[in-house]
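Since we're looking at a predicted model, the values are computed, not measured.
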Amino acid sequence: MKLFRIPLVALGLLFSISFNCNSTKALAKDLPKSPIALQDKYSALSNSTIIDLKELSANPKKYNFFTFRPNLEKLILSGEADTQHISILWYTIPNGSVGLHYHSMTESVYTISGSQKDAKGVYPTGSLYFNPPESGHKVSDSTGFFLLAYAAPPDFKNIDKIKPYTPVQINTLDPELGKKYVFTNPKSGVKVYNIPLDPKGGMSSQIIKSTSLIGYTYSGNYLLVLQGSCNIDGRRFMKDMLVVAKTIKTESYKLSATKDSSCMALGLSF
């Protein structure tokens with residue numbers, strides 16, 4: 001019996017190799033799912049960078065930060081430093097500062113960890129604020145890591161153009177967050193708060209809450225998980241995970257809750 005098994009097995013292997021070489025569809029179908037969701041080349045995730053903000057804060061030297069100002073490092077996530085872009089700032093000393101500068105368009109700042117201070121207030125971990133067009137500020141006594149989005153780069157020359165302004169401020173760690181703001185219901189199981197930003201500022205932002213397993217389409221430049229866990233384009237993301245488009249072109253993400261958790265995320269779009 002052993003004499004007959006050898007050629008049968010060999011024949012089986014030859015058949016398998018011949019079949020797979022002549023059928024790319026069958027080969028693609030049989031591949032295991034990629035842990036980075038690249039099995040679908042049209043997924044927004046394949047055009048995005050995924051960052052664990054906790055890991056980045058703990059190990060910043062693993063990333064390509066550059067010196068932006070004395071004792072202040074910057075990591076560009078999308079766009080360019082001299083135009084609209086998304087970045088992470090890292091104050092490397094306890095009392096970091098940035099001189100007075102002007103914002104011709106809207107600026108968004110989210111405190112990943114640490115604290116930032118300007119004339120309008122102090123922004124500890126979990127704080128989110130937006131400076132409107134024609135605003136400006138001087139930053140002092142700041143330390144830690146911050147996720148920033150600029151509809152236009154900071155301007156250190158035209159500070160005479162700064163006008164009186166009031167930033168939009170949100171504490172994303174507030175347990176009453178969902179009750180303090182007016183959320184709309186675009187679909188069953190999904191609530192959305194459209195943050196009131198100046199339409200001339202070149203930026204929009206939403207806080208999205210979902211208890212639904214059916215995806216809500218968000219077109220934007222980044223999604224940041226604030227609470228629970230979120231399913232984004234078929235992949236699960238926990239709190240403090242950031243999905244950011246690799247370019248300033250918006251991507252369309254499918255966002256939903258997971259089977260064992262509701263989802264709250266911050267979306268931002270140019």
Side-chain angles (χ1 to χ4, degrees), residues 50-58 86 88-91 106-132 137 139 141-149 166-197 203-218 220-232 235-244 253-269:
I50 299 167
I51 299 178
D52 182 335
L53 295 180
K54 284 186 177 179
E55 196 280 333
L56 179 142
S57 301
I86 296 170
I88 292 177
L89 289 185
W90 169 26
Y91 292 89
T106 300
E107 173 197 38
S108 167
V109 181
Y110 172 80
T111 307
I112 299 168
S113 64
S115 178
Q116 189 179 79
K117 178 182 177 182
D118 66 8
K120 300 294 183 178
V122 178
Y123 309 101
T125 298
S127 298
L128 172 67
Y129 73 94
F130 298 84
N131 288 325
H137 59 160
V139 177
D141 300 322
S142 299
T143 188
F145 297 85
F146 303 83
L147 174 62
L148 283 90
T166 301
V168 175
Q169 302 181 48
I170 298 173
N171 176 11
T172 66
L173 298 181
D174 187 346
E176 301 297 315
L177 178 65
K179 298 179 181 179
K180 283 188 175 181
Y181 303 99
V182 179
F183 283 77
T184 60
N185 296 86
K187 61 188 301 183
S188 178
V190 178
K191 295 182 179 181
V192 173
Y193 174 57
N194 291 296
I195 299 173
L197 303 181
M203 184 184 297
S204 63
S205 188
Q206 295 182 345
I207 294 177
I208 306 159
K209 296 171 58 180
S210 178
T211 57
S212 174
L213 298 180
I214 299 174
Y216 167 77
T217 300
Y218 177 74
N221 293 87
Y222 80 61
L223 282 169
L224 171 62
V225 180
L226 298 175
Q227 295 179 17
S229 64
C230 300
N231 185 314
I232 301 174
R235 181 176 171 185
R236 180 172 178 159
F237 294 89
M238 305 302 291
K239 185 180 183 299
D240 297 318
M241 293 296 292
L242 173 69
V243 178
V244 55
Y253 300 99
K254 289 286 189 180
L255 175 75
S256 68
T258 58
K259 290 182 179 180
D260 57 355
S261 176
S262 60
C263 161
M264 180 181 287
L266 170 67
L268 183 138
S269 179

Salt bridge (Lys or Arg N to Asp or Glu O under 4.0 Å): which pairs involve residues 253-262, sequence neighbours left out? Arg236-Asp260

I need the full list of salt bridge (Lys or Arg N to Asp or Glu O under 4.0 Å) pairs touching residues 113-132, with sequence neighbours left out, sorted by first then second residue.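 Matches after skipping sequence neighbours: Lys117-Asp141.
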
Checking side-chain hydrogen bond (donor to acceptor under 3.5 Å, both in side chains) for the pair Ser262/Thr211: CA distance, chi angles, key distance, verdict? CA-CA 5 Å; Ser262 60; Thr211 57; over 6 Å; no

Between Tyr253 and Tyr218, is the ring-ring contact (aromatic ring centres under 6.0 Å, His included) condition met? List the steps. CA-CA 5 Å; Tyr253 300 99; Tyr218 177 74; 7.4 Å; no

Work out which heavy atom in [X] is nearest to a heavy atom in [Y]; give both atom names and the distance.
X	Y	answer
Thr111	Pro124	CB-O, 3.3 Å
Asn131	Pro167	OD1-CB, 3.5 Å
Ile207	Phe183	O-CE2, 3.6 Å
Thr172	Gln227	O-NE2, 3.7 Å
Ser142	Tyr91	O-CB, 3.6 Å
Ser212	Ser256	O-CB, 3.3 Å

Parallel, tilted or perpendicular: ring planes of Tyr129 versus Tyr123, cut at 30 and 60 degrees: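 The rings of Tyr129 and Tyr123 lie parallel, inter-plane angle below 30°.
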
Considering only heavy atoms from C-beta outward, does the side chain of [X] approach that of [Y] to under 4.5 Å?
X	Y	value
Leu266	Tyr222	yes
Val225	Asp240	no
Ser113	Ser57	yes
Cys263	Leu255	yes
Ile208	Tyr193	no
Leu268	Met203	yes
Leu147	Leu224	yes
Met241	Ile51	no

Dump the intermediate steps for side-chain contact (heavy atoms from CB on, under 4.5 Å) on Leu89 and Phe145, then the final yes or no. CA-CA 6 Å; Leu89 289 185; Phe145 297 85; over 6 Å; no

To the nearest 0.5 Å, tell me how far [X] [atom1] sits from [Y] [atom2].
X	Y	atom1	atom2	answer
Trp90	Leu56	CH2	CG	9.0 Å
Gln116	Leu148	CD	CG	7.0 Å
Lys239	Met264	NZ	CE	11.5 Å
Ser205	Leu197	OG	CG	6.5 Å
Phe130	Thr166	CZ	OG1	15.0 Å

Any donor-acceptor pair under 3.5 Å from [X] side chain to [Y] backbone:
X	Y	value
Ser261	Ser229	yes
Lys187	Gly215	yes
Asn171	Leu173	yes

Show your working on side-chain contact (heavy atoms from CB on, under 4.5 Å) between Thr258 and Cys230 and close with a plain yes or no. CA-CA 6 Å; Thr258 58; Cys230 300; 5.8 Å; no

More than 12 heavy atoms from other groups under 6.0 Å of CD1 on Ile214: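 No - once you tally the heavy atoms of other residues, nucleotides and ligands closer than 6.0 Å, there are 12 at most.
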
What residues, two or more places apart in sequence or in another chain, satisfy side-chain contact (heavy atoms from CB on, under 4.5 Å) together with Pro186? Thr184, Val190, Val192, Tyr216

Where do Lys180 and Asp174 land on the side-chain contact (heavy atoms from CB on, under 4.5 Å) test, with the steps shown first? CA-CA 9 Å; Lys180 283 188 175 181; Asp174 187 346; 2.6 Å; yes

Just do the side-chain contact (heavy atoms from CB on, under 4.5 Å) check on Ile112 and Ile88 with the steps written out, would you? CA-CA 9 Å; Ile112 299 168; Ile88 292 177; 4.3 Å; yes

